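What you are looking at is a predicted structure, and each value in this text was computed from that prediction instead of being measured.
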Amino acid sequence: MGNSGLRAHLETAEKTGAFQLRGKNVSEWNRCSCCDWWLSRDGLHAVQSAWWSLHAMAPWRQLFPEDLLRLHRKLRSVDLSENKLTSLPASVAQLKMLKILYVNQNRLGSLPQELCQLSKLEALYAADNRLTAMPARLGSLKALRTICLPGNSLTTFPLGLASLPSLDMLDLSRNHIQVVPDGVADLQTVELNLNQNQISRLSPELARCPRLKVLRLEENCLELAALPSDLLMTSTVSLLALDGNLFEMKQLRQLDGFEQYMERYTATKKKFI
């Protein structure tokens with residue numbers, strides 16, 4: 001990406017508040033005393049501690065610091081998807097106005113704790129990485145509405161996210177989660193996607209999630225007896241997706257609470273007709 005290409009990215013970001021560096025073969029961060037460096041196939045691109053302040057190395061020297069500072073203050077969306085990043089720098093904390101972060105399809109094994117300082121963050125997309133856990137304080141980000149983490153290496157359900165009051169979507173599909181544990185009752189999400197995990201046990205507390213409307217559990221290891229009766233009888237769930245488990249879907253009709261579930265399902269369906 002030449003100087004004109006970089007300037008185009010910066011000009012767009014200044015106008016829209018959205019900075020995109022998708023699919024540019026960025027591979028890693030190497031810290032020096034004054035900069036965070038991106039190493040990519042076409043050379044070194046430097047990122048100052050003011051985060052996306054690209055400078056240094058021949059063509060980038062011509063960029064004015066004040067322009068970059070304005071960019072830093074205006075950023076609302078950053079897209080680093082489809083690169084080869086193995087980590088994100090601690091300086092992510094300086095993106096105080098950031099609302100949306102895309103880091104899909106990288107090689108991230110973890111997310112920095114500094115991410116938890118982004119109090120305005122509303123959406124985090126980190127699909128198809130190598131994440132094994134979430135930052136301990138991610139649940140403190142009260143503005144978070146969407147968390148999409150499919151295709152990672154999570155083995156335990158991230159209960160720390162249960163404290164997020166505004167969560168609408170939590171996508172944990174295509175991970176290695178085996179149990180939905182006790183403590184999940186406080187989870188505020190409207191939709192929970194757990195498709196294609198290895199889940200064999202569901203805590204009865206799942207039925208007490210106050211806002212849960214859509215629960216996706218397709219292609220797991222659930223037996224019919226593993227379904228809590230209250231999930232059908234008294235929960236707020238109106239769409240329960242269970243195909244691809246260790247029972248036939250027609251067997252659901254035998255369970256206590258199936259009629260109550262179907263009433264909720266039908267009432268929700270009518271709203272969209």
Legend entry - Euclidean distance, Asn195 CG relative to Arg216 CZ, rounded to 0.5 Å: 7.0 Å

Legend entry - More than 12 heavy atoms from other groups under 6.0 Å of CD on Gln260: yes

Inset, instruction - Identify the residue among Leu172, Asn129, Asn193, Asp171 that makes a side chain to side chain contact (heavy atoms under 4.5 Å, CB included) with Leu149. - result: Leu172

Legend entry - Criterion side-chain hydrogen bond (donor to acceptor under 3.5 Å, both in side chains) against Arg174, the qualifying member of Asn197, Asn152, Asp128: Asp128

Legend entry - Rounded distance [0.5 Å steps], OH in Tyr102 versus CG in Leu80: 12.0 Å

Inset, instruction - Spell out, as yes or no, whether a donor-acceptor pair under 3.5 Å connects the side chain of Asp79 to the backbone of Ser81. - result: yes

Inset, instruction - Calculate, to the nearest 0.5 Å, the distance between atoms OG1 and CG belonging to Thr189 and Leu164 respectively. - result: 9.0 Å

Legend entry - Straight-line distance of Arg76 CZ to Leu98 CG, nearest 0.5 Å: 9.0 Å

Inset, instruction - Give the minimum heavy-atom separation between Ser140 and Cys116, together with the two atoms involved. - result: OG-O, 3.9 Å

Legend entry - Under 3.5 Å donor-acceptor, Tyr261 side chain and Leu240 backbone: yes

Legend entry - ILVMFWY network linking Leu239 to Val190, side-chain heavy atoms under 4.5 angstrom: no

Legend entry - Flag, side chain of Asn104 to backbone of Ala127, donor-acceptor distance under 3.5 Å: yes

Legend entry - Other residues, nucleotides, ligands: >12 heavy atoms within 6.0 Å of Gln251 CD: yes

Inset, instruction - Starting at CG of Leu101, measure out to CG of Leu121 and round the result to the nearest 0.5 Å. - result: 6.5 Å

Inset, instruction - Taking Thr236 for its side chain and Leu212 for its backbone only, find out whether a donor-acceptor pair lies under 3.5 Å. - result: yes

Inset, instruction - May I ask you to decide if Leu232's main-chain N or O and Ser235's side chain share a donor-acceptor pair within less than 3.5 Å? - result: no

Inset, instruction - Check for a donor-acceptor pair, side chain of Arg264 on one end and backbone N or O of Lys213 on the other, with a separation under 3.5 Å. - result: no

Inset, instruction - Please answer whether the main-chain N or O of Lys84 pairs with a side-chain N or O of Asn106 as donor and acceptor at a distance below 3.5 Å. - result: yes

Legend entry - Asp168 backbone acceptor or donor facing Arg211 side chain under 3.5 Å: no

Legend entry - Arg208 with Asp186: basic N within carboxylate O range, under 4.0 Å: no

Inset, instruction - Please check if the side chain of Ser166 supplies one atom and the backbone of Lys142 the other of a donor-acceptor pair under 3.5 Å. - result: yes

Legend entry - Rounded distance [0.5 Å steps], OG in Ser200 versus CG in Asn220: 9.0 Å

Inset, instruction - Would you mind checking if Arg253 and Glu259 are paired as a salt bridge, meaning a charged N to carboxylate O distance below 4.0 Å? - result: no

Legend entry - Exam field: side chain Asn175 to backbone Ser173, donor-acceptor pair closer than 3.5 Å: yes

Legend entry - Leu111 vs Leu124, side chain to side chain contact (heavy atoms under 4.5 Å, CB included): CA-CA, chis, key distance, verdict: CA-CA 11 Å; Leu111 296 173; Leu124 172 63; 4.0 Å; yes

